[in-house]
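Some notes on the structure that comes next.
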Amino acid sequence: MSVHVQNSRMTTARLRQMKVNGEKIAMLTSYDFTLASLVDEAGIDMLLVGDSASNVVCGNQYTLPVTVDEMIFLTKGVVRAAQHALVVCDMPFGSYQISEEDALRNAVKVMKESGCDGLKLEGGEEILPIVRHMVQAGIPVMGHLGLTPQSVNQFGGYGLRAKEEAEAAKLLRDAKLLDEAGCFSIVLEKIPAALAERVTKAVSCPVIGIGAGNKCDGQVLVLHDMLGLNQGFKPKFLRHFASLAQEVKSAVGDYINAVKDSSFPSTEESY
Ligand code: KIV
């Protein structure tokens, strides 16, 4: 059975309870109404309007170019689709690093205009005052540690993070600080599974992994990647749960042939 029907809206309190109960949390990205409706109907717990929209939707190499207004536009469609899932929107690069005041102004704008349930921010101790500011304003904040794609130019690539003890110790400390600051959840991206397990045990909020092993409280993947729509991208942590690129190309090929040989539209498909 592939559909997990839930009859009420997901909340941050319920996610916390899922961690306590040892019930795994499933999260996927979404960027539009149509696919988000299907993912929500299938029973996903959380929908993330990731700034990966910059790559997936806009075709950029990095997540950095996407803007607050573009994220709001995409998130509105996902919010309209979500009957059950909690919808989180990524705060894009530059929208929360300038000052606490600017960060809160942007955060309030995204919450008000998109209607999402929470915001995700990349970083640890460096952004702690901003996280505290948002939490105090009543905004549910999700942290994001490990490989944080908005810092790709500093990292020099998308390699595994926190392999060395010093970076691993900082990541563990950052996770504890984000938890204490009131984050409702933390994403851990592309770090050793043993470190992700330590972090998951050390914090009270649910930890969602991507390329972080299976001991986290939940998992997240980019929807287009797990559906096999993006054939050129297959890192070790990614599982293709479908091969939709082939299906799409084959359907489009059939359509082109039917148009070219005049078999579409048929008499039944005409007025
Ligand atoms: O933008 C995104 O898709 C993300 C996930 C990879 C966690 O941040």
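The model shown is predicted, which means the values in this text are computed figures rather than measured ones. As the structure lists them, so they are numbered: ligands from 1, and atoms in each ligand from 1.
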Are there more than 12 heavy atoms of other residues, nucleotides or ligands under 6.0 Å from atom CZ of F73? no

Measure and list all N/O to N/O distances between ligand 1 and the protein that fall under 3.5 angstrom.
from, atom 1, to, atom 2, distance (Å)
ligand 1, 1 (O), D51, N, 3.2
ligand 1, 1 (O), D51, OD1, 3.1
ligand 1, 1 (O), S52, N, 3.1
ligand 1, 1 (O), S52, OG, 3.2
ligand 1, 1 (O), D90, OD2, 3.1
ligand 1, 3 (O), S52, OG, 2.5
ligand 1, 8 (O), K120, NZ, 2.8

Quick one: does any side-chain atom of S114 pair with a main-chain N or O of C116 as donor and acceptor, under 3.5 Å? yes

K19 and salt bridge (Lys or Arg N to Asp or Glu O under 4.0 Å): which partner among D179, D45, D217? D217

Go through H224 and F233 one step at a time and tell me if the ring pair (Phe, Tyr, Trp, His ring centres under 6.0 Å) criterion holds. CA-CA 10 Å; H224 292 56; F233 183 66; over 10 Å; no

Result of checking R14, Q83, H84 against S8 for side-chain hydrogen bond (donor to acceptor under 3.5 Å, both in side chains): R14

More than 12 heavy atoms of other groups within 6.0 Å of R16 CZ: yes

